[in-house]
Amino acid sequence: MVVKAVRGFSDILPEEILTWRKVEEEARRVLEAFGFREIRIPVLERTELFARSIGGETDIVQKEMYSFLDRGGDSVTLRPEATASIARAYIEHRLYSRDPEVRLYFIGPMFRYERPQKGRLRQFHQINAEVFGVAHPMVDAEVMALLVLLLSRCGLTEHELQINSLGCPRCREGFRETLKAFLEERTRKLCQDCLRRKERNPLRVFDCKVKGCQEVMEEAPLLEDHLCDECKDHFLQVRSYLEELKVPYSVNPRMVRGLDYYTKTAFEVVAKGLGAQKAVAAGGRYDNLIAELGGPEVPGIGFAIGVERLLLVIPSLPPPPPPLLFIATLGDEAERIAFRWCYELKASGITAAMDHRRRSLKSQLRRADKLEIPYVAIIGEEEISSGKVILRDMRQGSQQNIPLDTFVQEIRERLGPSVHEAL
Ligand code: HAM
């Protein structure tokens with residue numbers, strides 16, 4: 001029986017790779033221009049890191065983590081997101097002692113045991129950016145502006161930035177009670193999960209995907225009406241700085257995000273054409289996370305782009321180009337010479353190919369044609385004795401003779417990088 005990939009885990013095939021690379025390269029370019037430096041974090045963390053930061057009542061921690069006991073009996077988890085890990089690394093390596101403001105980015109796979117569907121995988125990739133150390137609302141606006149810029153540079157055209165304020169523990173505390181009282185009167189309409197959430201973390205009910213609960217929440221009181229003065233002012237300032245940078249946005253007062261560490265600003269970028277999973281990127285401020293994980297009182301804000309989702313809504317690039325030169329051979333000696341030439345050309349960066357299956361000249365040429373290889377050289381006994389090799393330019397339909405003795409050197413000169421780039 002053929003062994004297939006695990007459900008929700010996909011391969012990224014060579015024909016897709018250029019679009020992946022473009023997105024990653026664009027991310028690196030934009031993020032580095034905005035002062036972010038790359039960090040690489042492990043795939044596996046202690047389970048408690050996520051339980052403590054993402055929140056025990058979230059879907060991620062309740063249902064979606066790949067957690068297991070390692071051979072030493074420790075509970076470990078494949079990272080479902082990167083912010084907690086980056087915050088852990090920031091604390092562990094005391095990065096705050098080097099500079100009060102630290103900007104980090106990370107690109108890599110995340111793991112969540114969700115039901116796979118379009119735009120939702122169990123292994124998916126994120127581009128994460130995090131700023132530690134600045135509470136000023138200017139940074140909230142800058143982070144969102146750079147996210148929108150990066151998404152547009154990747155080719156995303158139809159998108160909307162939605163923002164909300166989730167307040168701070170102080171304003172949330174009062175709101176919890178108001179929301180709890182509201183939910184108390186509607187228990188019959190709530191799902192089992194939300195009945196539990198109502199007690200432990202009523203804000204999570206906003207995030208429930210069950211239709212009945214969503215209907216209830218249509219009429220629920222909103223956090224924006226309960227923000228404390230400081231949070232209200234922060235949100236107003238964030239909005240005015242977004243306007244300063246001419247970044248269009250809309251306020252979505254029901255957005256709570258699926259993770260508990262957020263304070264004040266929360267945001268999502270939704271794209272057209274993604275169906276139910278429409279957030280291509282999301283993030284927010286988390287001013288208490290570092291301290292809650294045992295670090296100093298340092299505020300933070302960041303975002304993550306879902307790379308697979310982004311790829312569904314941006315134009316794809318064509319597959320990588322074929323080899324530049326195909327050397328067709330006739331006879332043993334020619335084959336040996338072509339073998340050496342191919343090696344020498346590839347070693348100098350010119351993609352050359354030949355056939356190793358001893359097929360007729362006709363079928364070798366057919367293969368070169370099928371692969372759309374732009375140059376074909378033919379070498380057989382006749383060429384070896386005359387000392388000249390035919391080089392065909394398949395696009396122009398022209399051909400010329402190249403001396404056998406200096407073939408590799410001539411090809412390097414004629415088809416070297418500048419010619420290749422011009423193709
Ligand atoms: P998140 O909203 O859980 O936030 O995920 C961010 C993005 O990752 C989503 O908007 C989506 O594009 C993508 N994503 C999430 N789950 C899946 C999935 N199962 N399959 C495919 N794509 C998915 C976070 O992860 C936060 N750590 C973001 C953040 C960074 N907040 C502050 N800093």
Side-chain angles (χ1 to χ4, degrees), residues 7-10 12 23 27 31 36 39 41 45 49-50 53-55 58-61 63-66 78-88 90 102-132 139-140 143-144 146-147 150-151 154 156 159-164 166 204 207 209 252 255-271 273-290 299-314:
R7 186 161 179 245
F9 286 63
S10 358
I12 301 160
V23 165
L31 289 168
F36 290 80
I39 182 169
I41 46 170
E45 297 276 1
L49 173 71
F50 301 116
S53 55
I54 300 171
T58 58
D59 280 353
I60 297 181
V61 172
K63 313 176 187 166
E64 297 170 1
M65 294 209 301
Y66 279 90
L78 289 178
R79 57 171 183 238
E81 62 111 45
T83 311
S85 302
I86 299 173
R88 179 207 41 75
Y90 174 82
V102 174
R103 295 180 169 216
L104 300 171
Y105 78 90
F106 171 69
I107 304 175
M110 309 294 151
F111 306 86
R112 294 184 195 174
Y113 195 82
E114 292 190 81
R115 195 135 54 88
Q117 53 176 255
K118 185 183 168 198
R120 199 205 272 158
L121 290 147
R122 290 182 174 170
Q123 175 182 296
F124 59 98
H125 294 73
Q126 283 186 344
I127 297 168
N128 267 262
E130 315 288 349
V131 179
F132 298 101
V139 175
D140 304 41
V143 161
M144 289 186 267
L146 101 83
L147 169 61
L150 173 51
L151 293 171
C154 292
L156 182 67
H159 56 266
E160 185 185 20
L161 170 67
Q162 299 186 351
I163 67 171
N164 193 20
L166 298 181
R204 289 260 67 86
D207 212 28
K209 307 289 179 291
N252 176 356
M255 182 213 300
V256 288
R257 308 275 302 110
L259 306 100
D260 274 352
Y261 49 61
Y262 292 116
T263 52
K264 295 182 177 157
T265 315
F267 55 92
E268 286 187 356
V269 176
V270 297
L274 271 183
Q277 313 300 324
K278 57 190 191 313
V280 275
R285 183 166 273 291
Y286 44 86
D287 287 348
N288 303 323
L289 178 64
I290 302 293
I301 179 166
F303 64 75
I305 298 173
V307 180
E308 282 84 354
R309 281 196 201 165
L310 179 60
L311 293 179
L312 288 173
V313 285
I314 60 171

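Both backbone and side-chain heavy atoms feed into the values below; hydrogens, waters and symmetry mates do not. For ligands, and for the atoms within them, numbers begin at 1 and follow the listed sequence.
Checked against side chain to side chain contact (heavy atoms under 4.5 Å, CB included), Leu121 has the following partners two or more places apart in sequence or in another chain: Ser10, Phe124, Glu308. Remark: Ala282 engages Arg257, Glu268 in a side chain to side chain contact (heavy atoms under 4.5 Å, CB included) (not counting sequence neighbours). Taking the salt bridge (charged side-chain N to carboxylate O under 4.0 Å, His left out) definition, one finds that Lys118 meets it with nothing, sequence neighbours left out.
Note on ring orientation: taking the six-membered ring where Trp is involved, the planes of Tyr90 and Phe132 are parallel (angle under 30°, cut-offs 30° and 60°).
In this structure, the side chain of Asn164 engages the main chain of Met255 through a donor-acceptor pair within 3.5 Å. At least one donor-acceptor pair closer than 3.5 Å links the side chain of Arg112 to the backbone N or O of Pro80.
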Return a table of N or O atom pairs, ligand 1 on one side and protein on the other, at distances under 3.5 Å, rounded to 0.1 Å.
residue, atom, partner, partner atom, Å
ligand 1, 2 (O), Arg257, NH1, 3.0
ligand 1, 2 (O), Arg257, NH2, 2.8
ligand 1, 3 (O), Arg112, NH1, 2.9
ligand 1, 3 (O), Arg112, NH2, 2.9
ligand 1, 4 (O), Arg257, NH2, 3.0
ligand 1, 5 (O), Gln126, NE2, 3.2
ligand 1, 8 (O), Gln126, NE2, 3.1
ligand 1, 10 (O), Ala279, O, 3.3
ligand 1, 12 (O), Ala279, O, 2.8
ligand 1, 12 (O), Val280, O, 3.2
ligand 1, 12 (O), Gly306, N, 3.4
ligand 1, 16 (N), Arg112, NH1, 3.4
ligand 1, 19 (N), Glu114, OE2, 2.7
ligand 1, 19 (N), Leu121, O, 2.8
ligand 1, 20 (N), Leu121, N, 2.9
ligand 1, 25 (O), Arg112, NH2, 3.1
ligand 1, 25 (O), Gln126, NE2, 3.1
ligand 1, 27 (N), Glu81, OE1, 2.5
ligand 1, 27 (N), Thr83, OG1, 2.9
ligand 1, 27 (N), Tyr261, OH, 3.0
ligand 1, 31 (N), Tyr262, OH, 2.6
ligand 1, 33 (N), Thr83, OG1, 3.2
ligand 1, 33 (N), Glu130, OE1, 2.9
ligand 1, 33 (N), Glu130, OE2, 3.0
ligand 1, 33 (N), Gly302, O, 3.4
ligand 1, 33 (N), Phe303, N, 3.3

